[in-house]
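Take a look at the structure below.
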Amino acid sequence: LRAIRSNPRNISNFIAANLYSPLAVLELTTNRLRNFRLFNTAYLAWEPIKGLLLRSSGGLTLDSDDQFIYVPPTLAMDGNPTASLLNPVVERTYSSERTNRLTDWLWENTATYTRSFGKHSVSGLAGLTYQRFNSKYTQVEGRPGTYNTLLLANPFASPDLVGGLNYDANAFASVLGRVTYDYNQKYLFSAAVRQDASSKFGPNARLATFPSLSAGWRVSEEPFMKPVANLLSTLKLRASYGETGNANIGNYSWLNGSGINNAAYFFDNRRTFGAVQNGWPNANLTWEKNIQRDFGLEAGFLNDRYTLTVDYYDRRTTGMLFDKDLPGVVGVSSVIRTNLGEVQNTGWEFAASMRQNLGALRWTVDANLSTVRSKVLDLGGREALNPSDAVFGWANVYRLRVGEPIGQMYGYVVKGVFRTADELANNPKWASGNVVGDWIIEDTNKDGKIDINDTQVLGNGLPNLLYGLTSRFDYKGIDFSFLLQGVSGHSIANGNLRHPLAGYGNFNAPTYYVDNYFDPAIPTRDVQFPRLGAAAAPTPVNSLNTRNIENGSFMRVRNVTLGYTLPTGLLERVRVRSARLYVTGQNLLTFSDYSGFNPETSLFTGSIGQPGVDQGTYPANRSFIVGLNVGF
Amino acid sequence: MHSFSYRKAALLTLLALPLTVVSCRFETFVDIYPPNVIAVENFYRTEADIRLAMTGLYATLRDRFGNYWLYGELPSDNVETYPESEVTVGEFDKLTWVATSGNINGLYQGHYRTIANANTLLDKIGGVAMDQTLRNRYIAETKFIRALMYVNLVRAFGGVPLVLKRIETEAEAYSFLRSPATEVYAQIEKDLTEALTGLPATGLDVGRATPGAARALLGRVYLQQKKWADAERVLAEVVSSNAYRLLPTVAEVYRPNNNAEIVFAVQYQGAIPGEGSSFGVAFLPQGGSGAANSVPAGGSSLNIGTADLYNAHEEGDARRDLIGVFRAGSLTYYYTRKFAESTYVGGAGDQDWPVIRYADVLLMLAEAQNEQNKTAAALPSVNAIRTRAKLPALANPTQASLRLAIEQERRVELAFEGHRWWDLLRYGKAISTMQAFKTRYNVAALSVAETRVLMPLPAREKALNPAFEQNPGY
């Protein structure tokens with residue numbers, strides 16, 4: 001497990017005393033997860049009168065996870081440092097059986113009515129849907145420290161079984177209605193309203209109403225457009241306003257961990273049961289609301305051989321679901337889970353397409369590009385929310401501040417390394433002091449000392465440009481297509497670098513690190529990284545800084561496919577209706593400056609406030625598939 | 001008849017079902033609660049709930065008094081934190097506490113946690129069908145506990161927000177700003193006076209608030225406000241109740257718990273996880289190894305006596321025998337044996353925390369009498385304490401000399417029980433005493449300033465609400 005290098009000087013600096021064998025972890029532990037899933041949908045439909053369709057559909061998912069873990073007493077690790085194959089420490093065994101069973105069902109009932117009267121067309125929809133999710137997690141393990149046999153490789157290796165249990169559930173109920181009207185396919189209107197209720201929100205505020213409206217005008221249908229119809233085959237203007245709700249928070253979120261908990265006390269030296277309130281529920285916690293306005297134009301040229309769509313959108317998110325600090329007088333909780341603030345996202349969306357027939361060659365191109373600009377408009381009266389972490393150890397990275405975009409990453413600007421006592425004396429220092437070998441940090445606020453107030457915006461985790469392009473060629477049974485995708489304009493906090501650049505000795509390090517950290521034996525060498533080991537002052541381990549934030553832009557060749565469809569005449573003789581032979585490649589090429597495995601990264605998928613964190617994102621698989629589709 | 005078919009009827013029924021469901025308020029479908037949680041809104045409804053809540057309120061006192069020494073005594077000249085533990089509580093020892101301190105925030109927020117549970121109980125108890133006598137008693141016990149919390153808060157911070165009802169909304173939480181200390185004291189007096197009307201003189205379980213405890217606490221706050229006559233009145237009532245007595249020797253006071261000298265103590269049981277005390281380890285030096293050096297192992301050196309305290313004992317004072325002397329390297333630890341237990345595991349201590357004991361009551365009574373020039377009447381109480389400590393009785397003191405004698409007795413008698421800092425503040429001598437201590441023992445790190453008489457309010461309160469006032473100097 002040591003790097004093989006021509007010059008192994010100082011290699012011992014990189015090997016910590018408590019380094020356990022990762023190979024042994026892989027070889028000796030058992031962690032088996034089996035998943036069973038059953039998915040079923042069914043529906044009933046009836047058209048009692050012409051134009052009216054009644055439909056009731058149900059969907060059910062049953063899902064069960066069964067996990068078995070066994071960590072043998074022979075595995076050396078933090079809790080069992082002296083163990084080895086020759087020295088099993090039986091009481092340190094760990095074994096657990098876990099099952100998680102969940103059911104999720106959805107019942108949708110709709111009535112739709114469609115009718116045309118001359119040039120008028122109307123349609124209406126009314127619906128009612130229910131959704132229910134339930135899960136139950138049970139776990140059994142031997143009480144830690146009580147295992148007493150090597151002969152059983154399961155929880156019964158302990159005579160004292162203990163367990164865990166968790167219930168989870170959520171429910172949604174919605175009523176919805178929509179009417180559309182169009183006159184001669186020229187003037188189009190639609191209005192919809194839905195009411196949603198969710199168990200995730202407080203009992204006072206589970207129900208919310210979300211209306212939406214849209215109107216369109218197919219200008220190209222107007223008589224005055226006829227003269228240019230050959231050139232401008234389609235022209236449509238549209239505008240819409242819509243509200244939607246977001247319930248993307250944990251189940252029972254409104255309870256905020258509150259409840260009445262056991263708290264016993266002693267009266268007359270006898271234990272007496274009691275109860276206290278912990279946590280503060282928010283019965284008024286309600287839906288986060290997105291209000292979107294959209295203005296668009298659709299144009300088609302030369303019989304729609306070329307099309308262009310342009311949209312401008314303005315999306316306001318209000319009543320965002322956040323934890324907010326409470327004054328201390330509340331006592332039972334220091335935070336409330338609440339709705340607050342407003343964030344604006346605006347941008348343009350462009351889509352263009354082209355279809356060309358060049359003799360036997362058909363060629364299509366579809367391209368899209370969109371821009372995003374976000375801005376925090378309000379945070380419930382506060383200027384900024386409490387900062388949040390990027391990865392564990394990189395605290396106070398993300399700050400949501402009024403007037404700034406979402407996803408701003410704050411960190412330290414590294415100017416170099418203190419290599420001499422002189423350099424140490426002549427630069428601003430960390431509050432609790434610096435030593436030679438620490439990083440020199442830029443004193444942003446020029447107050448002569450380095451502290452949290454010297455962090456500055458190092459980047460933003462949200463891309464501001466997203467694009468894609470797909471193109472396809474068909475020529476006499478041969479088809480070829482490719483898909484490009486890309487994003488740009490954002491940064492990634494590369495959490496993968498946190499430990500490799502730490503010099504703690506129990507993690508792998510990149511090869512460039514070996515000659516690039518401050519070594520007191522060679523103080524003159526020009527290095528990027530500080531001395532080995534822990535420090536209070538900023539290091540790669542404890543802070544986001546300019547050495548571990550990177551440009552996240554990338555363009556990826558997502559898919560390339562080459563296919564050949566066999567001529568039908570040939571196939572009919574062997575009673576095959578169709579056959580296509582193809583080869584396809586996924587993720588063939590990625591253009592990116594990012595040093596991690598995969599620039600498509602997000603550690604906190606559930607949080608809009610913490611985008612662009614890479615903590616070991618799985619690399620994108622490059623795969624090749626050779627296939628044959630046969631239809632009989 | 002041809003238009004009717006069973007298939008159609010079944011279909012109609014199925015399709016009509018959703019409408020039936022919608023007609024009975026469809027949101028009730030989402031009205032679900034986790035089966036493992038007792039929702040706050042579903043509690044406080046029956047007498048059984050109220051009984052549980054009452055007991056639970058007492059249980060919160062374990063956290064409030066588990067580190068009471070930190071606020072009540074560590075700042076004083078009686079005790080100090082040894083170098084190895086500076087980082088956790090050194091700010092209290094060296095008077096360098098800051099508004100952002102986690103300990104300060106814990107003190108503040110923790111007390112409001114007990115207050116919130118007390119207010120909830122008081123708000124809900126009226127609406128529950130239960131025995132009226134029991135209800136009155138519970139109200140009285142709850143008011144005692146609420147008063148006890150405000151005593152701790154007002155002595156540490158001065159004026160604090162006076163929250164007397166359950167806070168229901170976030171906006172309400174922001175409406176509480178600091179009330180003047182005088183108003184806080186007035187409320188404490190009101191709560192304790194009202195508590196006295198609901199507490200029966202006898203028949204209460206050991207561990208509950210008693211009339212004696214309420215009177216003694218009332219005496220403490222009168223004394224704090226220099227209301228000498230009021231203090232003398234209620235403290236004399238405690239004495240004349242004959243409910244308490246001094247035990248023959250000081251050592252007996254601490255074991256077994258709940259003896260005749262205890263007026264109010266927070267109850268701990270080490271055998272049950274989470275219900276034992278952890279202050280015992282704070283009072284022992286690190287480096288103890290049990291039998292080998294006769295100092296129990298597991299100490300954390302957080303709250304060790306000073307040489308000044310040790311030397312303050314008169315020759316022959318039995319209370320000095322309760323202080324162990326342990327030398328390790330260049331350091332000498334004067335650690336208390338008051339809370340000694342056979343084994344020390346954090347959170348598993350059996351030792352109760354004496355909030356009020358009879359010796360304290362006698363010395364408070366003597367102080368109240370002496371300050372009214374009733375020096376002769378005050379003397380027997382002081383001599384009772386001295387005699388028990390195997391010291392000669394005082395004779396013919398002047399008011400001034402008895403004042404000093406009472407201070408001395410309080411210092412050594414109640415050492416390690418969380419009184420000294422409040423006492424120094426009451427005498428108006430906190431700053432001068434600490435300045436003298438700093439000079440005499442050359443403690444450069446000790447930050448003595450007039451503003452240290454009050455602790456800073458947590459910085460987050462002002463950050464959340466700019467209208468919230470901070471104490472001067474922070």
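Below, all heavy atoms of this structure are taken into account, side chains as well, without hydrogens, waters or symmetry copies. Keep in mind the model is a prediction, meaning the values are calculated, not measured. We name chains A, B, ... by the order of the sequence lines, and we start the count at 1 in each one.
In this structure, chain A has no heavy atom under 4.5 Å from any part of N465(B). Heavy atoms of Y44(B) lying under 4.5 Å from chain A belong exclusively to its side chain. The part of I336(A) that comes within reach of chain B is its side chain, from C-beta onward, which places non-hydrogen atoms under 4.5 angstrom from that chain. Interface residue Q131(A): only backbone heavy atoms are found under 4.5 Å from chain B. For a residue to count as touching a neighbouring chain, one of its non-hydrogen atoms must lie under 4.5 Å from one of that chain's; by this rule R208(B) touches chain A with backbone and side chain alike. When heavy atoms are compared at a cutoff of 4.5 Å, E275(B) approaches chain A by way of both its backbone and its side chain. With a threshold of 4.5 angstrom between heavy atoms, K324(A) approaches chain B through side-chain atoms but not through N, CA, C or O. In this structure, chain B has heavy atoms under 4.5 Å from both the backbone and the side chain of F266(A). Looking at N170(A), the atoms closer than 4.5 Å to chain B (heavy atoms on both sides) all sit in the backbone: N, CA, C or O. When heavy atoms are compared at a cutoff of 4.5 Å, S198(A) approaches chain B solely by way of its backbone atoms N, CA, C and O. Using a 4.5 Å cut-off between heavy atoms, E172(B) does not touch chain A at all.
A side-chain contact (heavy atoms from CB on, under 4.5 Å) with R206(A) is found for one member of W287(A), F172(A), W254(A) and no other, namely W254(A).
When the candidates A169(A), G259(A), A264(A) are compared by the number of heavy-atom contacts under 4.5 Å with chain B, A264(A) comes out ahead. Annotation: maximal heavy-atom pairing with chain A below 4.5 Å, among L121(B), L57(B), I167(B), occurs at I167(B). Most heavy-atom pairs under 4.5 Å with chain B: of the set A275(A), G279(A), A263(A), A197(A), this distinction falls to A275(A). When each of V37(B), N117(B), T169(B), D31(B) is checked for heavy-atom pairs under 4.5 Å with chain A, N117(B) comes out on top. With respect to chain B, the highest number of heavy-atom pairs below 4.5 Å among S258(A), A283(A), P203(A), G328(A) belongs to G328(A). No other option in G207(B), A53(B), A39(B), A59(B) has as many heavy-atom pairs under 4.5 Å with chain A as A59(B).
Considering all non-hydrogen atoms of both residues, V163(B) and N119(B) come closest at O-ND2, 3.0 Å. Closest approach of S101(B) and E91(B) over heavy atoms only: OG-OE2, 2.9 Å.
Residue S199(A) holds its OG atom at 7.5 Å from CZ of R132(A), rounded to the nearest 0.5 Å. Taken to the nearest 0.5 Å, the CG atom of N339(A) stands 7.0 Å off from the CG atom of N282(A). To the nearest 0.5 Å, atom CE of residue M320(A) and atom CG of residue L385(A) are 7.0 Å apart. Considering CD of E47(A) and CG of L52(A), their distance stands at 7.5 Å, rounded to 0.5 Å.
Side-chain N/O atoms of R460(B) and S334(A) include no donor and acceptor closer than 3.5 Å.
Here R166(B) does not pair with D123(B) in a salt bridge; the nearest charged N to carboxylate O distance is not below 4.0 Å.
Using cut-offs of 30° and 60° for the angle between ring planes, the F264(B) and Y58(B) rings count as tilted.
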